[in-house]
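Below is one structure, written out as structure tokens; comments come after it.
Worth knowing before you read on, the calculation uses all heavy atoms, side chains too, and leaves out hydrogens, waters and symmetry mates. Both ligands and their constituent atoms are indexed starting at 1 by order of listing.
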Amino acid sequence: MILNTELEYKGNLFPSKIVSYEKNLNVLSFTTANGAILQVTVRRDSILRFRFTTTGIFENDFSYAITKYASRGYNLLEVSENEDYYIITTSKLICNISKLDLRTSIYDAKDKSLICEDELGFHWEESYEHGGNVVKMSKTAQPGESYYGLGDKPVDNNLKGKRFENWVTDSYAYGRDTDPIYKTIPFYTALHNKKSYGIFFDNTFRSFFDFCHERRNITSFWAQGGEMNYYFIYGPEMSDVVVNYTDLTGKPHEMPALWTLGYHQCKWSYYPESNVKEITSKFRELQIPCDAIYLDIDYMEGFRCFTWSEEYFPNPKRMVKELADDGFKTIVIIDPGIKIDMDYSVFKEGLDKDYFCKRADGPYMKGKVWPGECYFPDFTNPDVREWWANLFQELVEDIGVKGVWNDMNEPAVMDVPGKTFPNDVRHDYDGNHCSHRKAHNVYGMQMARATYQGLKKFSYPKRPFVITRAAYSGTQRYTSSWTGDNIATWDHLTIANLQAQRMCMSGFSFIGSDIGGFAEQPNGELYARWIQLGIFHPFCRTHSSGDHGDQEPWAFGTTITDVVRKFIEIRYQLLPYLYTAFWRYAEEGIPILKSLVLYDQADPQTHYRNDEFIFGEKILACPITGPNQKGRRMYIPLGKWYNFWSDEVVEGGTEQWVDADLDFMPIFVKEGAIIPKYPIQQYVGEKTIDELILDVYYKEGKETSEVYEDATDGYDYIKGRYSLRTFKLNGKKKELIIQQHKSGKFITTYKTFKVSLHGLPFKISKVEIDNVIIPFKDLKLNGDNTLVLTKEFTELHIMA
Ligand code: MIG
């Protein structure tokens with residue numbers, strides 16, 4: 001174990017004084033007397049990339065994380081110098097680089113306040129065994145600084161005081177503080193003095209982050225190989241930091257089909273066919289909405305990927321069609337291990353084409369997984385990805401499978417130390433040949449990418465759906481994900497909440513947990529509370545391991561079934577709201593869930609909150625995380641909020657008790673919000689939507705809301721066939737004005753809105769649409785609560 005930060009200078013392991021400086025457009029290079037070079041790239045006014053070499057030569061500049069679609073360009077770039085520093089100035093930042101030792105300090109260009117500063121800065125340790133360096137960076141923590149992000153770490157939101165490791169790992173029954181687990185997202189946001197910045201350390205080797213753990217006021221990160229290569233992203237709003245990180249590493253390449261945001265039911269495993277049908281019929285019989293049913297490894301013949309067990313699934317095409325007729329999409333699992341079997345075509349082909357990973361000295365990488373001894377495709381080879389993508393033709397095009405679930409892609413190997421490939425395994429790495437030390441953390445990402453390419457190709461003109469367990473930064477461009485093998489305990493419900501928030505903070509919003517817990521069995525109460533949380537997660541799926549009993553919504557008696565139905569129904573009603581939030585994420589990189597600190601960093605009360613989060617832009621939710629509770633204390637952020645159940649208005653800024661018996665959960669809506677809702681459907685597309693419900697929460701003042709809709713699937717939306725409604729609400733003492741602006745060419749099936757008014761402080765005496773007074777009978781005015789009106793209005797006045 002190496003330590004992150006040396007306490008004294010020793011040896012030739014630190015940059016010495018700058019001897020030359022060169023500027024090539026936006027790339028600035030500083031060379032030191034002892035041969036180190038720092039290359040600073042000004043990507044944007046708020047994004048600087050820092051890259052170091054100690055040999056005078058940089059590696060080929062290649063990254064799986066950075067998307068080619070990332071924005072570039074800046075308004076200002078000036079470089080000046082004084083006796084001590086080179087000074088880089090953009091419109092947002094000032095960066096000083098010390099002539100003595102390459103140490104940097106970065107300031108806000110506006111108020112000149114210090115944002116981030118090197119302590120020892122870049123330093124290194126030579127690696128005799130592997131060649132190259134262990135590369136390190138240390139920064140001085142600023143007073144009161146907090147840290148967030150880092151992917152799926154199962155810990156409290158604020159990372160301060162902790163040390164983490166990044167090495168994608170199969171972590172069956174992990175727990176709080178287990179580290180590392182499935183994902184590597186070496187990106188964090190920091191916050192001090194009301195200003196936020198982020199660091200993305202784009203290095204795929206095993207890496208480490210220390211947030212004031214080893215030394216009280218030092219934050220550092222280092223990796224066991226590769227380059228010190230990191231992006232500094234300035235806010236000062238944390239939401240801008242996350243948006244810019246997501247811009248850099250990519251937003252989802254397309255909107256997910258609306259059905260993927262419905263409820264999914266999974267189990268290890270539903271088989272044979274009759275069992276699958278029993279489950280799906282039960283959903284319809286009990287009227288519990290559900291859109292997707294999963295087949296885990298037992299659907300295959302001897303766990304051979306791309307095969308079907310003839311015994312359990314004699315005619316998959318017919319079954320998948322029958323399920324589809326009943327409104328269910330079928331999703332199947334595909335693992336990376338390919339069974340060594342000369343009579344198995346996928347294996348034969350992989351062998352013939354030389355697509356499997358090899359050890360350093362030539363033999364194949366052989367490892368045991370579910371099928372027994374396997375070889376593993378090298379997904380870091382573009383030809384292999386293309387081959388893999390094409391393997392999905394039959395599953396998708398012919399059989400009609402609508403989604404693929406990639407598991408075990410860390411890659412997981414059974415019965416070996418380290419539970420994965422040994423370090424010497426060779427990888428193509430898109431032509432940058434390397435060992436597993438460098439490729440490990442991206443292996444699962446590249447598998448998911450190849451799967452995505454296949455699904456995209458064969459699902460066309462529909463949208464693809466993929467779910468992956470392993471991920472590196474950027475994987476959000478291709479797939480959704482879940483948090484792996486959790487446990488049916490109350491603490492894991494809390495962990496699921498933290499992980500989902502953290503993933504959203506880390507640019508990866510399409511995330512959910514195994515609802516109810518994968519290992520062990522929840523009681524009905526825990527399951528119900530977990531469903532309550534799960535309906536607010538972008539990916540919403542119950543999954544569990546077969547040896548621990550049934551885990552369907554009806555497995556715990558009718559009281560629980562009713563609670564579960566009630567909440568899944570809320571999920572379906574909120575689909576247009578969630579879809580809109582997803583669109584903002586896919587379009588702009590705005591996370592679908594916002595931890596309170598991300599929502600309101602100026603309020604110091606939010607810096608250490610864990611349980612409460614914002615779903616989309618306007619809904620505040622907080623799960624009940626223990627047994628026998630009739631409610632809980634929670635922090636309500638600043639502003640006024642409506643209790644979702646009672647419409648009671650509460651003033652935020654304090655911790656408050658909120659009632660929530662088993663069939664309730666603390667949910668609030670921000671005043672002034674307009675929340676779009678669909679009628680309850682048993683699956684997406686069951687009903688033609690003939691009315692959009694708009695829940696309007698009165699506010700004295702102004703608020704803007706949006707509703708995004710399109711054909712729910714397909715690519716027409718990219719050609720402008722979408723519908724985006726922007727509602728501007730302006731509440732006065734005796735009048736409520738709503739202006740609507742619509743853009744996009746998509747025509748929604750409904751013609752009317754059913755406006756449902758919450759908290760209106762006056763009795764309605766007059767309603768005017770686009771300057772015309774409308775008789776009440778035409779509005780189906782119901783008390784002072786609901787009115788039905790045309791979707792075409794541009795200005796609505798509701799008056800006392
Ligand atoms: O070694 O496919 O996380 O969701 O049900 C276990 C069987 C392999 C682990 C996954 C889990 C899945 C299970 N898999």
Please examine the side chains of Val332 and Trp405, heavy atoms only from C-beta on, and report whether any two atoms are closer than 4.5 Å.
no
Evaluate the side-chain contact (heavy atoms from CB on, under 4.5 Å) criterion for residues Asn166 and Lys153: first the C-alpha distance (whole Å), next the side-chain angles of each, then the deciding distance (0.1 Å), finally the verdict.
CA-CA 10 Å; Asn166 290 308; Lys153 305 295 182 197; 3.2 Å; yes
Whether [Y] and [X] form a salt bridge (side-chain N of Lys/Arg under 4.0 Å from carboxylate O of Asp/Glu) is what I want to check.
| X | Y | value |
| --- | --- | --- |
| Lys282 | Glu552 | no |
| Asp170 | Lys419 | no |
| Asp514 | Arg541 | yes |
| Glu322 | Lys277 | yes |

Any heavy atom of Tyr172 under 4.0 Å from ligand 1? The part involved is neither
Ligand 1 versus Asp335, non-hydrogen atoms closer than 4.0 Å: side chain, backbone, both, neither?
neither
Are Tyr443 and Phe379 an aromatic pair, judged by ring center distance below 6.0 Å?
yes
Taking the six-membered ring for Trp, are the ring centroids of Tyr527 and Phe556 within less than 6.0 Å of each other?
yes
Just need the protein heavy atom nearest to atom 3 (O) of ligand 1, so name the residue and atom and give the distance.
Asp485 OD1, 2.5 Å
To the nearest 0.1 Å, how far is atom 13 (C) of ligand 1 from its closest protein heavy atom, and which atom is that?
Asp407 OD2, 3.6 Å
What atoms of ligand 1 come within less than 4.0 Å of a heavy atom belonging to [X]?
| X | value |
| --- | --- |
| Arg469 | 3 (O), 9 (C), 10 (C) |
| Ile297 | 2 (O) |
| Met408 | 1 (O), 8 (C) |
| Trp405 | 4 (O), 5 (O) |
| Ile333 | 2 (O) |

Please report whether ligand 1 has a polar contact with [X], defined as an N or O pair separated by less than 3.5 Å (distance criterion only).
| X | answer |
| --- | --- |
| Asp296 | yes |
| Asp514 | no |
| His543 | yes |

Nearest non-hydrogen contact to atom 1 (O) of ligand 1 from the set Phe518, Trp370, Tyr294 belongs to Trp370
Check whether Trp167 forms a cation-pi arrangement with Arg437 (NZ or CZ under 6.0 Å from the six-membered ring centre, at most 45° off the ring normal).
no
